[in-house]
Amino acid sequence: MTLTFADAKTLSHAELEEGATLAPAFDANGLVTAVTMEAGSNELLMLAHMNAEALALTLETGFAHYWSRSRGKIWKKGESSGELQRVVELRVDCDQDAIVLLVEQTGRGAACHTGRKSCFYRRVVTKDGAATLEDTGLPKLFDPKDVY
């Protein structure tokens, strides 16, 4: 990892929100939220987290890397499945505590480990005082049992 980032705590409010210094405001666990959208369509693909190393690798390689909280390690998106995410643009929000990646989803076009294009394939429905999940009908582009 060769890229380093300024410490958000050392910047003034104006520098953090209006300046040109990249200073991700990592949380107490060293993570920043990363929202991933498909470039062109702006379809929401997934939400994940990045630590400084994952962000640096993403910027250095041009392919999305995340921090896997469940595995406790860096995760290059699509390394196992072939569903790589080529970064087209990376943005930060006003106080630099969230990142948006605009990506070209490669492979079969599935960002989700379930084989679907998006991880957001269910909607919440409330009926008779109960909240349940309903499938939106987003098709599987691959069978996870064949890939993982």
Side-chain angles (χ1 to χ4, degrees), residues 1-6 8 16-148:
M1 179 171 78
T2 57
L3 280 177
T4 58
F5 308 106
L16 186 66
E17 292 192 354
E18 302 291 339
T21 302
L22 178 57
F26 296 105
D27 68 13
N29 296 312
L31 302 175
V32 64
T33 302
V35 176
T36 306
M37 300 169 59
E38 183 178 51
S41 74
N42 288 335
E43 184 171 347
L44 180 60
L45 298 178
M46 56 181 276
L47 182 135
H49 298 86
M50 293 179 152
N51 64 4
E53 182 181 3
L55 179 56
L57 284 167
T58 298
L59 293 169
E60 290 168 356
T61 67
F63 287 91
H65 289 72
Y66 302 99
W67 175 256
S68 173
R69 294 182 301 170
S70 61
R71 290 177 268 172
K73 66 179 189 173
I74 296 291
W75 150 47
K76 180 180 181 181
K77 179 64 178 153
E79 194 165 39
S80 299
S81 66
E83 305 295 312
L84 297 169
Q85 294 178 338
R86 186 173 296 110
V87 178
V88 174
E89 187 174 344
L90 193 143
R91 299 180 184 186
V92 297
D93 74 338
C94 55
D95 56 358
Q96 299 195 49
D97 67 353
I99 292 172
V100 172
L101 293 97
L102 297 172
V103 304
E104 175 189 312
Q105 184 65 54
T106 68
R108 293 158 287 222
C112 185
H113 75 281
T114 66
R116 294 172 178 87
K117 180 175 185 172
S118 171
C119 294
F120 297 91
Y121 56 89
R122 296 177 291 178
R123 68 174 64 89
V124 177
V125 178
T126 56
K127 184 176 180 182
D128 300 325
T132 60
L133 297 176
E134 176 181 275
D135 195 301
T136 62
L138 201 60
K140 287 190 177 189
L141 303 175
F142 68 84
D143 186 343
K145 289 180 263 175
D146 296 338
V147 174
Y148 302 110

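We're numbering straight along the sequence, starting at 1.
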Query raised in the report: Is the backbone N or O of Glu38 less than 3.5 Å from a side-chain atom of Glu104, with the two atoms forming a donor-acceptor pair by type?
Result: no
Query raised in the report: Counting heavy atoms not belonging to Glu89, are there more than 12 under 6.0 Å from its CD?
Result: yes
**Report entry** Closest contact, heavy atoms only, Leu101 versus Ile99
**Finding:** CD1-CG2, 4.0 Å
Report task. Check whether any side-chain heavy atom of Val147 lies under 4.5 Å from a side-chain heavy atom of His113, and answer yes or no. Result -> no
Query - Side-chain (Thr126) to main-chain (Ala131) donor-acceptor, under 3.5 angstrom - result: no
Query raised in the report: Mind checking whether Trp67 and Met50 have side chains closer than 4.5 Å, heavy atoms only?
Result: no
**Report entry** Side-chain touch Val32/Val92, heavy atoms, less than 4.5 angstrom
**Finding:** no
Query raised in the report: Does the pair Arg86 and Thr106 meet the rule for a side chain to side chain contact (heavy atoms under 4.5 Å, CB included), with working shown?
Result: CA-CA 7 Å; Arg86 186 173 296 110; Thr106 68; 3.8 Å; yes
Query raised in the report: Which pair of non-hydrogen atoms, one from Cys112 and one from Tyr121, has the smallest distance, and what is that distance?
Result: SG-CE2, 4.1 Å
Query raised in the report: With a 4.5 Å heavy-atom cut-off, do Phe5 and Gln96 have their side chains touching?
Result: no
Report task. Would you indicate whether Arg108, at its atom CZ, is surrounded by more than 12 heavy atoms from other residues, nucleotides or ligands within a distance under 6.0 Å? Result -> yes
Query raised in the report: Checking side chain to side chain contact (heavy atoms under 4.5 Å, CB included) for the pair Leu47/Phe120: CA distance, chi angles, key distance, verdict?
Result: CA-CA 9 Å; Leu47 182 135; Phe120 297 91; 4.2 Å; yes
Query raised in the report: Under 3.5 Å, side chain of Asp93 to main-chain N/O of Ala98, donor-acceptor pair present?
Result: yes
**Report entry** Least distance between heavy atoms, Leu16 atom then Asp95 atom
**Finding:** CD2-O, 3.7 Å
Query raised in the report: So, do Val124 and Leu133 sit near enough that their side-chain heavy atoms are less than 4.5 Å apart?
Result: yes
**Report entry** Least distance between heavy atoms, Ala48 atom then Tyr66 atom
**Finding:** CB-CD2, 3.5 Å
Query raised in the report: Has the side chain of Ser41 got a donor or acceptor atom that lies under 3.5 Å from a matching backbone atom of Glu43?
Result: yes
Query raised in the report: Got a sec, which pairs hit salt bridge (Lys or Arg N to Asp or Glu O under 4.0 Å) with one end in residues 133-143, sequence neighbours left out?
Result: Arg116-Asp135, Arg123-Glu134
Requested in this report: Would you mind reporting whether Thr33 and Leu31 have side-chain heavy atoms less than 4.5 Å apart?
Outcome: no
Report summary line: Rounding to 0.5 Å, atoms CG (Asn29) and CZ (Arg69) come to a distance of 8.5 Å
Query - Leu44 to Ser118 - nearest heavy-atom pair and separation - result: O-OG, 2.8 Å
**Report entry** Lys/Arg cation over aromatic Phe63: Lys76, 6.0 Å, 45° cone
**Finding:** yes
Query raised in the report: Side chain of Ser68, backbone of Lys73: donor and acceptor closer than 3.5 Å?
Result: no
Report task. Answer yes or no: is there a side-chain heavy-atom contact under 4.5 Å between Trp75 and Lys77? Result -> yes
Query raised in the report: Is there a side-chain contact between Asn42 and Leu102 (heavy atoms, below 4.5 Å)?
Result: yes
Query - side chain to side chain contact (heavy atoms under 4.5 Å, CB included) evaluation trace for Leu22 with Leu59 - result: CA-CA 12 Å; Leu22 178 57; Leu59 293 169; 4.1 Å; yes
**Report entry** Leu55 vs Leu90, side chain to side chain contact (heavy atoms under 4.5 Å, CB included): CA-CA, chis, key distance, verdict
**Finding:** CA-CA 10 Å; Leu55 179 56; Leu90 193 143; 4.0 Å; yes
Query raised in the report: Ala111 and Gln105: which non-hydrogen atoms are nearest, and at how many Å?
Result: CB-OE1, 3.4 Å
Query raised in the report: Residues two or more places apart in sequence or in another chain: which of them pass side-chain contact (heavy atoms from CB on, under 4.5 Å) with Ala25?
Result: Ala8, Asp97
